[in-house]
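Structure, as structure tokens:
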Amino acid sequence: EAQVTQNPRYLITVTGKKLTVTCSQNMNHEYMSWYRQDPGLGLRQIYYSMNVEVTDKGDVPEGYKVSRKEKRNFPLILESPSPNQTSLYFCASSRPGLGNIQYFGAGTRLSVL
Amino acid sequence: GENVEQHPSTLSVQEGDSAVIKCTYSDSASNYFPWYKQELGKGPQLIIDIRSNVGEKKDQRIAVTLNKTAKHFSLHITETQPEDSAVYFCAASIGGTASKLTFGTGTRLQVTL
């Protein structure tokens, strides 16, 4: 079954404590992306990756890092989380190019206290 | 960059009625317009999409129309059912090797019995 798997699904942490949200896809997709979803703002792209070792900033990259060492994995790293990073995060993957469907994970709800 | 506006933010219809959600985009170079449905606790899922060389596309009870001159596109759901209740997002993309989507802010559709 085609899947984008995020872990954990829920996370409560404190300001400044480094955390990593993992994302894995089993569809051999080249393109992967992270979004955050906030009420009234829709989904905003944080970072994306066109392929292994190729990453670039999206619209709201501040405070986040990513890596793409393997094609299937695209972890999101918060080195020093702050309360304004409390949000619902989604990972997505697709083949590159116009019209290719983006498949989303089930989401990670993060609360930073 | 691209900016996508979506209206209304909430929409309540009676079962069997039609629902229309409208989006406008700012970048005339955008040429791919998907619609995603997000059910509670899940990630967004593609329900229909349209490319800029097509004015209308239909899939059973769902249709999308595109007006490139006015830079707006709409989702039409006919004969609504309770299972249509969800949050709907429109998005726009400029074609090419990148799959970057710019999302609207979402419409919460409630279908009442």
Side-chain angles (χ1 to χ4, degrees), chain A residues 1-10 21 23-25 27 29-51 54-61 74 87-109, chain B residues 1-10 21-27 29-54 57 59 64 66 86-108:
Chain A
E1 179 189 356
Q3 271 191 332
V4 178
T5 304
Q6 295 178 229
N7 281 296
R9 291 291 313 278
Y10 302 92
V21 183
C23 174
S24 179
Q25 50 95 4
M27 295 167 280
H29 285 164
E30 291 83 359
Y31 181 89
M32 297 187 74
S33 181
W34 275 102
Y35 296 88
R36 61 178 287 174
Q37 182 178 0
D38 301 289
L41 297 177
L43 291 105
R44 294 178 293 166
Q45 190 181 56
I46 303 170
Y47 268 94
Y48 65 95
S49 169
M50 295 301 297
N51 213 323
V54 181
T55 63
D56 208 347
K57 296 177 180 178
D59 298 318
V60 288
F74 190 45
S87 187
L88 180 58
Y89 291 86
F90 288 100
C91 179
S93 76
S94 73
R95 300 204 183 283
L98 180 67
N100 284 307
I101 299 170
Q102 285 206 24
Y103 295 87
F104 283 80
T108 296
R109 187 166 292 280
Chain B
E2 175 65 278
N3 182 50
V4 177
E5 294 189 359
Q6 182 172 347
H7 298 281
S9 56
T10 60
I21 302 170
K22 299 182 178 181
C23 290
T24 60
Y25 60 98
S26 62
D27 193 334
S30 290
N31 54 4
Y32 174 64
F33 307 93
W35 286 87
Y36 284 82
K37 176 182 181 182
Q38 185 179 21
E39 296 176 335
L40 196 62
K42 297 183 179 180
Q45 186 171 13
L46 181 76
I47 55 171
I48 195 167
D49 57 10
I50 191 168
R51 300 191 185 198
S52 59
N53 59 349
V54 175
K57 184 176 178 181
D59 182 4
V64 57
L66 171 65
V87 178
Y88 292 81
F89 290 98
C90 62
S93 174
I94 298 173
T97 54
S99 300
K100 177 175 169 57
L101 294 173
T102 300
F103 284 85
T105 51
T107 296
R108 182 173 299 278

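Here is the naming used below: chain letters follow the sequence lines, and residue numbers restart at 1 for every chain.
- With contacts defined as side-chain heavy-atom distances shorter than 4.5 Å, the pair A:F90/B:K42 does not qualify.
- Closest approach of A:L43 to B:P44, counting heavy atoms only: CD2-CG, 4.2 Å.
- With a 4.5 angstrom heavy-atom cutoff, B:Q6 does not touch chain A via any of its atoms.
- No side-chain heavy atom of B:F103 sits under 4.5 Å from any side-chain heavy atom of A:Q45.
- Residue contact with chain B, scored on non-hydrogen atoms closer than 4.5 Å, involves the side chain of A:R9 exclusively.
- For A:E30, no part lies under 4.5 angstrom from a heavy atom of chain B.
- Note: A:I101 CD1 to B:Q45 CD = 9.5 Å, rounded to the nearest 0.5 Å.
- For CZ of A:R44, the number of neighbouring non-hydrogen atoms (other residues, nucleotides, ligands) closer than 6.0 Å is greater than 12.
- Taking chain B as the reference chain and counting heavy-atom pairs below 4.5 Å, the highest number among A:D56, A:D38, A:V4, A:L41 is found for A:L41.
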From CA spacing to verdict: side chain to side chain contact (heavy atoms under 4.5 Å, CB included), B:Y36, A:Q102:
CA-CA 10 Å; B:Y36 284 82; A:Q102 285 206 24; 3.4 Å; yes
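- A distance of 4.5 Å separates OH of A:Y35 from CG of B:L101, quoted to the nearest 0.5 Å.
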